[in-house]
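The block underneath contains the structure these notes are about, expressed in structure tokens.
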Amino acid sequence: MKHFSLLVKPVSADCNIGCDYCFYLDRPGDQSTARRRQMSPRVLEQMISSYMRTEQPVYSFGWQGGEPALAGKGFFKRVTELQERYAPRGASISNGFQTNGTLINDELAAHLAEYRFLVGISVDGPARMHDRYRRTVSGRGSHDQVIRGLERLRKHGVEVNVLALVSQANVHAPREVFRYLRDELGFAYHQYVPCVEFDHAGQLAPFAISGEEWGDFLCGIFDEWRAAGDVSVREFDSLLELMTTGRANACTKGTDCRQYFVIEHDGGVYPCDFFVGEATRLGSIMEDSWPTLIRSRLFARFGRSKRAWNEECARCPYLRYCAGDCMKHRGGFGEQARNLSVLCAGWKGFYAHALEPLGRVAERISQGNSYAGAVRKV
């Protein structure tokens with residue numbers, strides 16, 4: 001059976017802050033710390049036990065939201081108990097935890113450290129950038145709370161990466177963002193994600209970025225990365241992996257979008273974090289086996305849509321590196337997957353700027369020389 005990982009939404013889209021650019025599900029308007037949706041013990045046990053009965057080189061769980069910390073330390077204590085109970089002898093288990101950082105307390109941080117969770121914390125840059133769109137439900141900036149959460153994680157020895165969403169708040173200041181995350185906050189592993197959201201008319205939302213802006217931002221980050229020499233940037237590491245091994249270890253660079261399953265709080269199964277809805281519901285872990293889900297016609301159709309890129313892509317010298325980009329950036333899957341990515345111009349500009357020096361790094365890696373960067377997925 002094909003290997004796969006799980007991206008789990010234990011509290012669905014529930015969150016304690018109200019980011020303007022949040023894309024997940026229906027973005028509940030009455031956001032608070034009060035629980036409205038949480039994975040039940042029955043669903044949790046079925047998910048973990050059934051996954052552990054499949055054969056995987058690594059049993060990989062990613063815990064996201066919403067805000068997964070809303071589930072509380074007790075929930076994640078149960079997670080690790082079940083993983084240990086059902087794991088095959090000698091199994092490797094990986095847990096990633098993506099958080100806004102504001103609800104991290106000492107008890108949760110200690111548990112994450114004990115079981116070696118790799119935590120990704122969302123920081124969009126200095127406070128004035130971060131707080132533009134990442135605000136509390138009362139309208140106050142969340143930056144200070146995030147930094148307190150980061151300090152608690154580090155106090156307990158949790159391994160922490162940073163994820164910065166690139167929006168109109170920070171897209172014109174790549175060098176400042178990079179230096180802040182590296183020099184001020186001390187992050188050696190960075191991930192930059194473009195904010196591409198559309199309004200009801202199909203136009204880019206006010207906080208979203210254009211392709212040209214994304215290209216300029218990436219070029220700025222790349223130049224800082226080359227000068228620093230001691231930071232891992234996931235996008236660049238993924239390109240180096242592709243250049244040296246031919247493997248696409250980031251789903252956006254692959255030609256088939258069937259690398260993981262999203263598990264919603266009620267056990268519903270979906271093919272992608274960006275495509276959670278009735279039209280893409282593959283089934284339920286409470287009713288369907290993993291082999292059945294993998295063989296789903298809808299799952300196959302979704303995977304094939306990645307290769308249904310625009311005719312212009314087929315003539316592009318950079319197709320090998322972007323595979324037409326994420327289907328979300330093309331406007332959807334199916335027929336919409338034939339659209340050009342809204343970030344196309346930016347990717348072209350970045351590749352023209354960066355591929356030659358990246359190729360020299362890839363050559364050194366192929367010759368057995370060391371490279372500081374290492375992709376770590378959260």
Side-chain angles (χ1 to χ4, degrees), residues 13 15 17-29 31 64-67 98 100 120 122-135 139 141-143 162-178 181 190-222 233-235 250-253 257 272-277 280 306 309-310 312-313 322-333 336-351:
C15 192
I17 64 175
C19 300
D20 292 347
Y21 47 49
C22 181
F23 71 90
Y24 198 65
L25 290 179
D26 53 357
R27 295 184 65 239
Q31 294 178 334
Q64 294 192 12
E67 174 48 53
Q98 184 64 43
N100 63 40
S122 298
V123 185
D124 291 348
R128 76 176 193 285
M129 299 180 192
H130 179 97
D131 288 344
R132 181 171 174 184
Y133 297 126
R134 289 188 178 272
R135 294 188 295 269
S142 63
H143 183 269
V162 66
L163 184 153
L165 192 70
V166 183
S167 68
Q168 287 300 324
N170 56 8
V171 70
H172 299 295
R175 290 169 174 80
E176 183 180 359
V177 172
F178 182 94
L181 298 179
H190 299 191
Q191 183 176 356
Y192 298 96
V193 177
C195 181
V196 178
E197 298 295 331
F198 302 94
D199 61 23
H200 294 299
Q203 302 299 311
L204 281 175
F207 42 73
I209 61 173
S210 69
E212 291 80 1
E213 288 173 325
W214 174 238
D216 290 344
F217 180 89
L218 272 185
C219 289
I221 294 293
F222 182 76
V233 175
R234 186 182 177 196
E235 175 62 34
C251 61
T252 55
K253 301 194 181 308
C257 285
C272 175
D273 193 23
F274 294 134
F275 294 91
V276 173
T280 51
K306 185 64 160 68
W309 43 64
N310 191 275
E312 188 174 321
C313 295
C322 79
D325 201 11
C326 177
M327 288 192 290
K328 179 191 177 187
H329 302 158
R330 305 186 215 169
F333 84 104
Q336 290 175 303
R338 299 188 184 279
N339 297 332
L340 278 175
S341 165
V342 297
L343 300 180
C344 179
W347 284 121
K348 288 179 176 178
F350 166 67
Y351 292 137

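- In terms of heavy-atom proximity, Val171 sits nearest to Trp214 at CG2-N, 4.5 Å.
- Considering CD of Gln64 and CG of Asp273, their distance stands at 5.5 Å, rounded to 0.5 Å.
- Residues meeting the side chain to side chain contact (heavy atoms under 4.5 Å, CB included) test with Arg132, sequence neighbours left out: Gln168, Ala169.
- Inter-residue side-chain proximity for Met129 and His172 is flagged as unmet; no heavy-atom pair is nearer than 4.5 Å.
- Of all the heavy atoms in Leu204 and Ala208, the pair that sits closest is CD2-CB, 3.9 Å.
- Evaluation of the salt bridge (charged side-chain N to carboxylate O under 4.0 Å, His left out) test over residues 193-205, restricted to residues two or more places apart or in two chains, returns Glu197-Lys328.
- Asn100 CG to Ser122 OG: the interatomic distance, rounded to the nearest 0.5 Å, is 7.0 Å.
- Between the side chains of Tyr192 and Arg234, no donor-acceptor pair is found at a separation under 3.5 Å.
- No donor-acceptor pair under 3.5 Å is formed between the side chain of His329 and the backbone N or O of Val342.
- Nearest heavy-atom pair across Cys322 and Lys306 is O-NZ, 3.8 Å.
- Contacts of Thr280 classified as side chain to side chain contact (heavy atoms under 4.5 Å, CB included), with partners at least two apart in sequence or in another chain: Tyr270, Pro271, Phe275, Phe333.
- Interatomic distance, Arg135 CZ to His130 NE2, rounded to the nearest 0.5 Å: 11.0 Å.
- With sequence neighbours excluded, the residues forming a side chain to side chain contact (heavy atoms under 4.5 Å, CB included) with Pro174 are Phe217, Ile221, listed by chain and number.
- Side-chain atoms of Asn170 come within 3.5 Å of backbone atoms of Ser167 as a donor-acceptor pair (strictly under, hydrogens ignored).
- The distance from the CZ atom of Arg128 to the CD atom of Glu176 is 4.0 Å, given to the nearest 0.5 Å.
- The nearest pair of heavy atoms linking Ser142 to Ile17 is OG-CD1, 4.4 Å.
- A distance of 10.5 Å separates CG of Asp20 from CZ of Arg134, quoted to the nearest 0.5 Å.
- Gly324 and Cys313 make their closest contact through CA-SG, 4.4 Å (heavy atoms, listed as atom of the first residue, atom of the second, distance).
- Listed for the Asp124 side chain is no donor-acceptor partner under 3.5 Å among the backbone atoms of Ala164.
- Taking all atoms of both residues into account, the shortest heavy-atom contact from Pro206 to Tyr133 is O-OH, 4.5 Å.
- Taken from SG in Cys344 to CD in Glu212, the straight-line distance is 9.5 Å, to the nearest 0.5 Å.
- With sequence neighbours excluded, the residues satisfying side chain to side chain contact (heavy atoms under 4.5 Å, CB included) with Asn339 are Arg330, Gln336.
- For Glu312, the salt bridge (charged side-chain N to carboxylate O under 4.0 Å, His left out) partners two or more places apart in sequence, or in a different chain, are Lys348.
- By the 4.5 Å heavy-atom criterion applied to side chains, Asp325 and Trp309 are not counted as neighbours.
- Relative ring orientation between Trp347 and Tyr351 is described as parallel, the plane-to-plane angle staying below 30° on a 0-90° scale split at 30° and 60°.
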